Number of protein chains: 2
Amino acid sequence: MAITIKDVARLAEVSPATVSRVIADHPKITPKTKRKVRLAMDELGYYPNFQARNLVAQKSKAIGVVMENSTTLAFQNPFFPEVLRGISVSAHQSQYGLYLSTSATEQEIYEEVVAMTQGKRVDGVILLYSKMDDKILDYLLANGVPFSVVGRPYTRPDAISYVDNDNIAIAKEVVDHLISLGHRDISFVGGASDFIVSSDRLSGYRQALAEAEIPFTPEYVVTQEAMEGQEQQAICKLMKQKKPPTAIVTHDDLVAYEVISYLEDLNIAVPADVSIVGFNNHTLSSHLKPPLSTVDISIFDLGLEAANLVLEKINDGNAAPRNIVVPATLIERASCQSL
Amino acid sequence: MAITIKDVARLAEVSPATVSRVIADHPKITPKTKRKVRLAMDELGYYPNFQARNLVAQKSKAIGVVMENSTTLAFQNPFFPEVLRGISVSAHQSQYGLYLSTSATEQEIYEEVVAMTQGKRVDGVILLYSKMDDKILDYLLANGVPFSVVGRPYTRPDAISYVDNDNIAIAKEVVDHLISLGHRDISFVGGASDFIVSSDRLSGYRQALAEAEIPFTPEYVVTQEAMEGQEQQAICKLMKQKKPPTAIVTHDDLVAYEVISYLEDLNIAVPADVSIVGFNNHTLSSHLKPPLSTVDISIFDLGLEAANLVLEKINDGNAAPRNIVVPATLIERASCQSL
DNA sequence: CTGAAAGCGCTTACAG
DNA sequence: CTGAAAGCGCTTACAG
């Protein structure tokens, strides 16, 4: 049996209530009593039982972190550990713990989120992704669960706290840059199209084209679904068109390098024949051949701010939803070249 | 206020005790009563409160996952998400949740682990790393906390459940392979030297040399500490020796590619001038130039088995410690060449 | 087969 | 300033 508050009370010759107050550092307890009690706690090696404490406090001091349990290449990137590091820093500061979803399918994740929030295992939730028609988000919203989203939510942005890059602007900036290099046939190899981040970047891409009066070519857009485990074929098809693109924007550095390898198989050189830009600024991207032009999306800050936002909601149920835009910066390296 | 067992009891016209038994699917409750109660639960949208349930059960149904909160390049690799995926699968199967450490410094992590185990926030712990003189491991061992380690523990291996590759054997195999290609001047660029995985691999390296009667050259060993943020200089120094190595074994694929980029800066080509082998079989390593020979260490399985092992300990305090060896396989690609 | 009661380890009005 | 009592939401012997 573990040491309880009663054991401490007995040794310190006070009531359990007093021990409890000492733990909470209640101002009205005599310094002398506090000393006595703390001595007893140390002597017995007392640690408060979270379950009991949280049961009466009606909170858990934990945040649920919900991720897509996907295995795609994009998820091999350092996004996850890095965003978690940001979340950790904020949570740790506020003495909150992190509770991770373990489910694999969407339905299971949904059930897990319902159980962890209803069962008071967590006080709030961070959604590490944002996609269309997400029933998990709908549930959180409908049930007044404090939560925040990494990414712009598909619905009711005014009612939801979220952190995001300005994906439309940064994608436009990337494409503008390529256009300024003389490219007009620019391909967009994006993530899953039901993710908001993908559709936002596609919007930015189209805006840039429109402004430059370059017609939009649907054949230049390759979605995750289109690749569907057949990445190489998809790239092959893209490049075998009558008018192949001279530049490619991809949604992730690792994907960019994968694409580059397929291009090499087709005897297409980067950047000589095709320019390419990635996203996420992977640590390796400056070391590899070619050094990759990419977008630094401030992953750490995305996590940090997402945690700050849920915490804000948890601490004040009436806190107005806020959204935070975290900088995204185009880093030019040698994978792009003017035409 | 959330729906409690009492509300369900009232609606179903039974006692709270009965509702509790229905939740536990107690065999002695009439099917008719069960039906009635379940109907009431559905109608009210009842979810059991974990805190209360765990308080009386004296368990938490959660596993603490403790990681080094390091930011080094090696931790940018997919090890973390992948090992977590393995852990998740096992934990989810047993209906356990995952609780993550959020601390940054060793001392803070220690305190966090003590608090989460003593405070019954978790029933057991998985240590995602194994290093020398680890007070966290000492604490877990001394206090009878159920735990498992990813990696061979520095002490009392017979008393501890752990998963590991046979790092000595696989490192030896890698070096044997290089020797069979005619290399004799082989460098070892390892991780932090207080990590068991590093020292084990170094042992395997030395064994292979010894068997081939190649003298051990201390200058060929570059530790994490030696690099200390000055990776490029360290590699420079390594290659500027009177007799530079013709082959390099690194502890991680990303590090390998970083090294390759420094070699290129020195006008040393891989594999023409120097052969190189990595570890961890990063998804990208088959796509990059050169495709990297590497060791697949079955990261997913490391996580899966580590979770199985803690769970075993949690479910049976007297379960004998076990250790599981997970396969490590050398994958030959184009980054090695015979001399 | 089901209920009343005690208890898990804490906190917090309410007294004094 | 401190204690006795009630209660957080559940489970589980103990009766019947």
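The chains referred to below are lettered A, B, ... by the order of the sequence lines, with proteins before strands, and numbering in each begins at 1. Scope of the values below: all heavy atoms of this structure, side chains included, with no hydrogens, waters or symmetry mates. Just so it is clear, the structure is predicted and the values come from calculations on it, not from any experiment.
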_What contact category does B/Val14 fall into here, base, sugar-phosphate, or nothing, at under 4.0 angstrom with non-hydrogen atoms?_
sugar-phosphate

*asked:* What contact category does A/Tyr46 fall into here, base, sugar-phosphate, or nothing, at under 4.0 angstrom with non-hydrogen atoms?
replied: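 Sugar-phosphate, backbone atoms only, no base.
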
_When you compare the side chains of A/Tyr154 and A/Asp138, does any donor N or O come within less than 3.5 Å of an acceptor on the partner?_
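Yes, a side-chain donor-acceptor pair sits under 3.5 Å.
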
Within the pair [X] and [N], is there a side-chain N or O less than 4.0 Å away from OP1 or OP2?
X	N	result
B/Thr33	C/dT2	yes
A/Thr18	D/dG3	yes
B/Thr4	D/dG9	no
B/Gln58	C/dG9	yes
B/Thr30	C/dT2	yes

Rounded off to whole Å, could you give me the [atom1]-to-[atom2] distance for the [X] and [N] pair?
X	N	atom1	atom2	result
A/Met41	C/dG9	CE	C1'	15 Å
A/Lys6	C/dA6	NZ	P	14 Å
A/Phe50	D/dG9	CZ	P	21 Å

The side chain of [X] is closest to which nucleotide in this list: [options]?
X	options	result
B/Ala17	C/dA5, C/dG9, D/dC10	C/dA5
A/Ala52	C/dC1, C/dC10, D/dT11	C/dC10
B/Val56	D/dC10, C/dA4, D/dT2	D/dC10

*In the strands shown, is C/dA4 matched to any nucleotide by a Watson-Crick or G-U wobble pair with both distances under 3.5 Å, and which?*
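In the structure as shown, C/dA4 has no Watson-Crick or wobble partner.
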
*Before giving the answer on side-chain contact (heavy atoms from CB on, under 4.5 Å), spell out for A/Thr117 and A/Asn143 the whole-Å C-alpha distance, their side-chain angles and the decisive distance to 0.1 Å.*
CA-CA 10 Å; A/Thr117 52; A/Asn143 291 270; over 6 Å; no

*Step by step, work out the salt bridge (Lys or Arg N to Asp or Glu O under 4.0 Å) result for B/Asp25 and B/Arg38.*
CA-CA 11 Å; B/Asp25 206 11; B/Arg38 289 194 175 122; 3.2 Å; yes

*Mind running side-chain hydrogen bond (donor to acceptor under 3.5 Å, both in side chains) on A/Tyr162 and A/Glu305 for me, showing each step along the way?*
CA-CA 8 Å; A/Tyr162 66 93; A/Glu305 297 293 3; over 6 Å; no

_On DNA chain C, compare the nucleotides closest to A/Val19 and B/Pro16; which residue's is nearer the 5' end?_
B/Pro16

_Can you confirm whether B/Gln107 is buried at CD, in the sense that more than 12 heavy atoms of other residues, nucleotides or ligands lie under 6.0 Å from that atom?_
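Result for CD/B/Gln107: enclosed.
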
*asked:* Quick check on DNA chain D: between A/Arg21 and B/Ser20, whose nearest nucleotide comes earlier from the 5' end?
replied: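 That would be A/Arg21.
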
